[in-house]
*Asks:* 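Next up is a structure, given as structure tokens.
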Amino acid sequence: MARLLIIEDEAELLHALEQLFVHDGHDVLTAIDGEQGLRRFREGRVDLVIVDILLPKLDGFAVCKAIRRGSDVPIIVTTALDDEGHQLQGFSLLADDYVTKPYSLSVMRERVRAVLRRCAARSDAAASPATEPTTAAGPAGGTAASAAECGTGTAARGLLGFGDIIVDTEAHEVLLRGDVVALTRTEFDIIRLLAEHPRRVFTRDALARQVWGYADDCGNKAINIHVMNLRRKLGADSVETVRGVGYRAGTRHG
């Protein structure tokens, strides 16, 4: 099972989370403030971090920044701040998920399972031998494929394209006009799904179920924040809103 680091200053909640994940078979490290959390993180291997934003000594935003300087370990951010600005800031620090307090233990358990499941799937895919080498630069001696060459939503050597965006499913990269754009795991999953089905409109529930394997109000709110980040990184038209329904791949690039 996984090794989890939980950084939470609410003692009762920290104890409950520790007991929950130990019962599930995980190895659990705990910390009650940001400084202690970073020390625990640097002591050895950690597979996933759960960190609260409002921490003493060093807040969760600073903890995320410090971790991201040298690690791509999955991070789940939690906070009682139900404000889109704070949520956007949390995801801009490359957090993989965001859970608003108060939350149930079952919700956190499902979030952790979903993040670990996605990470395991990517590790398995990376370990599988590729039938044909694929890079953002294309075949040896060639140049990077354009979105038009990839075809709208058509896989070509592991590439999906629409507008100015290319999704390289094998390299797990997204390019905007030929430049690699850094995305979180969840952002990549969302844009890949939209690129695979460019004409389909996904409800927030449908996106949450595809990304996390389940849907709830907290997950739907998180989808909104991820979409805001995708638009900020890839352009306002990268994800189109279909009013009253949901989202689809943007159609006004170029």
Side-chain angles (χ1 to χ4, degrees), residues 1-81 86-123 126 172 182-189 211-214 218-219 221-222 225-226 229:
M1 300 298 284
R3 192 179 201 203
L4 313 182
L5 170 60
I6 305 173
I7 312 173
E8 170 61 62
D9 65 328
E10 296 182 31
E12 291 184 1
L13 177 57
L14 179 62
H15 179 72
L17 290 169
E18 180 182 18
Q19 294 301 306
L20 172 71
F21 291 116
V22 167
H23 181 270
D24 286 348
H26 298 294
D27 183 15
V28 179
L29 304 174
T30 63
I32 59 172
D33 61 61
E35 291 182 355
Q36 185 183 45
L38 282 180
R39 288 197 300 271
R40 292 286 173 86
F41 179 78
R42 291 162 178 161
E43 287 173 359
R45 176 184 64 86
V46 173
D47 298 307
L48 184 146
V49 177
I50 301 171
V51 57
D52 187 41
I53 291 299
L54 299 179
L55 292 171
K57 296 186 179 180
L58 194 67
D59 69 27
F61 292 134
V63 171
C64 286
K65 287 180 180 178
I67 289 175
R68 279 290 174 261
R69 280 196 285 267
S71 174
D72 64 351
V73 64
I75 300 175
I76 298 177
V77 170
T78 74
T79 184
L81 295 172
H86 287 91
Q87 295 177 53
L88 188 60
Q89 184 179 359
F91 283 127
S92 71
L93 297 175
L94 302 186
D96 295 271
D97 204 351
Y98 186 100
V99 181
T100 302
K101 292 180 175 179
Y103 57 80
S104 69
L105 293 179
S106 61
V107 163
M108 182 57 75
R109 169 187 272 158
E110 289 303 316
R111 293 298 182 90
V112 168
R113 286 176 175 173
V115 171
L116 291 176
R117 187 166 55 244
R118 295 204 310 275
C119 291
R122 291 192 186 108
S123 297
H172 204 266
L183 301 181
T184 68
R185 294 173 178 84
T186 302
E187 289 164 3
F188 179 85
D189 287 344
V211 172
W212 294 302
Y214 69 97
C218 189
K221 182 180 295 184
I225 303 301
H226 283 301
N229 267 326

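All figures in this text were calculated on a predicted structure; none of them were measured in a lab.
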*Asks:* Taking the side chain as everything from C-beta on, heavy atoms only, tell me whether T30 gets closer than 4.5 Å to H15.
*Replies:*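 Side chain of T30 against side chain of H15, heavy atoms only: no contact under 4.5 Å found.
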*Asks:* Judged by atom type as modelled, is there a donor-acceptor pair below 3.5 Å linking the side chain of D189 to the main-chain atoms of V211?
*Replies:* no
*Asks:* So, for D97 and A222, which heavy atoms are closest and what is the spacing to 0.1 Å?
*Replies:* OD1-CB, 4.3 Å
*Asks:* Please indicate whether E43 has more than 12 foreign heavy atoms, meaning atoms of other residues, nucleotides or ligands, lying under 6.0 Å from its CD.
*Replies:*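 Yes - once you tally the heavy atoms of other residues, nucleotides and ligands closer than 6.0 Å, there are more than 12.
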*Asks:* With rounding to the nearest 0.5 Å, note down the distance linking CG in L183 to CZ in F188.
*Replies:*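 The CG atom of L183 sits 8.0 Å away from the CZ atom of F188.
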*Asks:* With side-chain contact (heavy atoms from CB on, under 4.5 Å) as the criterion, how do I53 and L55 come out once you've worked through the C-alpha distance, each side chain's angles and the decisive distance to 0.1 Å?
*Replies:* CA-CA 6 Å; I53 291 299; L55 292 171; over 6 Å; no
*Asks:* In Å, rounded to the nearest 0.5 Å, how long is the span from CD of E10 to CG of L54?
*Replies:*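 Going from CD on E10 over to CG on L54, the span is 9.0 Å.
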*Asks:* Sub-3.5 Å donor-acceptor pair from the side chain of T79 to the main-chain atoms of D52, do we have one?
*Replies:*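 No; zero donor-acceptor contacts below 3.5 Å.
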*Asks:* Kindly indicate whether the side chain of D27, heavy atoms from C-beta on, has any atom under 4.5 Å from the side chain of L4.
*Replies:*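 Not touching, per the 4.5 Å side-chain cut-off.
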*Asks:* Between D33 and P56 (side chain of the first, backbone of the second, donor and acceptor by atom type, cut-off under 3.5 Å), is there such a pair?
*Replies:* no
*Asks:* Do P74 and V49 have side chains that approach each other closer than 4.5 Å (heavy atoms only, starting at C-beta)?
*Replies:*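 No, every pair of side-chain atoms sits at 4.5 Å or beyond.
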*Asks:* With a 4.0 Å cut-off, would you call K101 and E8 a salt bridge?
*Replies:*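 Looking at E8 together with K101, the answer is yes, because their closest N to O distance falls below 4.0 Å.
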*Asks:* Do V73 and F41 make a side-chain contact, defined as non-hydrogen atoms from C-beta onward lying under 4.5 Å apart?
*Replies:* yes
*Asks:* Please test V51 against I76 for side-chain contact (heavy atoms from CB on, under 4.5 Å), starting from the C-alpha separation and ending with a verdict.
*Replies:* CA-CA 6 Å; V51 57; I76 298 177; over 6 Å; no
*Asks:* Donor-acceptor pair, distance only, cut-off 3.5 Å: does the side chain of R3 make one with the backbone of V28?
*Replies:* no
*Asks:* Can you measure from CD (E18) to CG (L14) and round to the nearest 0.5 angstrom?
*Replies:*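 Going from the CD atom of E18 to the CG atom of L14 covers 6.5 Å.
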*Asks:* Test D59 against V63 for side-chain contact (heavy atoms from CB on, under 4.5 Å), laying out the working first.
*Replies:* CA-CA 6 Å; D59 69 27; V63 171; over 6 Å; no
*Asks:* Could you state the interatomic distance from CZ (F21) to CG (L17), rounded to the nearest 0.5 Å?
*Replies:* 6.0 Å
*Asks:* Is it true that the side chains of T184 and T186 contain a donor and an acceptor less than 3.5 Å apart?
*Replies:* no
*Asks:* Taking atom CD1 of I32 and atom CD1 of I6, what is their separation to the nearest 0.5 Å?
*Replies:* 14.0 Å
*Asks:* Can you tell me if R40 uses its side chain to pair, donor with acceptor, with the backbone of I7 under 3.5 Å?
*Replies:*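 No; zero donor-acceptor contacts below 3.5 Å.
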*Asks:* In this structure, are over 12 heavy atoms from other groups packed under 6.0 Å from L20 atom CG?
*Replies:*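 Counting neighbours around CG of L20, more than 12 heavy atoms of other residues, nucleotides or ligands fall under 6.0 Å, so yes.
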*Asks:* Do the side chains of I50 and V77 get nearer than 4.5 Å, heavy atoms only?
*Replies:*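 No; the side chains remain at least 4.5 Å from each other.
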*Asks:* Quick one: does any side-chain atom of H26 pair with a main-chain N or O of M1 as donor and acceptor, under 3.5 Å?
*Replies:* no
*Asks:* Give a yes or no answer on whether the side chain of R111 reaches the backbone of Y98 with a donor-acceptor pair at less than 3.5 Å.
*Replies:* yes
*Asks:* Could you go through the side-chain contact (heavy atoms from CB on, under 4.5 Å) check for L48 and L116 one step at a time?
*Replies:* CA-CA 8 Å; L48 184 146; L116 291 176; 4.0 Å; yes
*Asks:* Under the rule for side chain to side chain contact (heavy atoms under 4.5 Å, CB included), what residues qualify as partners of R39, not counting sequence neighbours?
*Replies:*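 Here the qualifying residues are E35, Q36.
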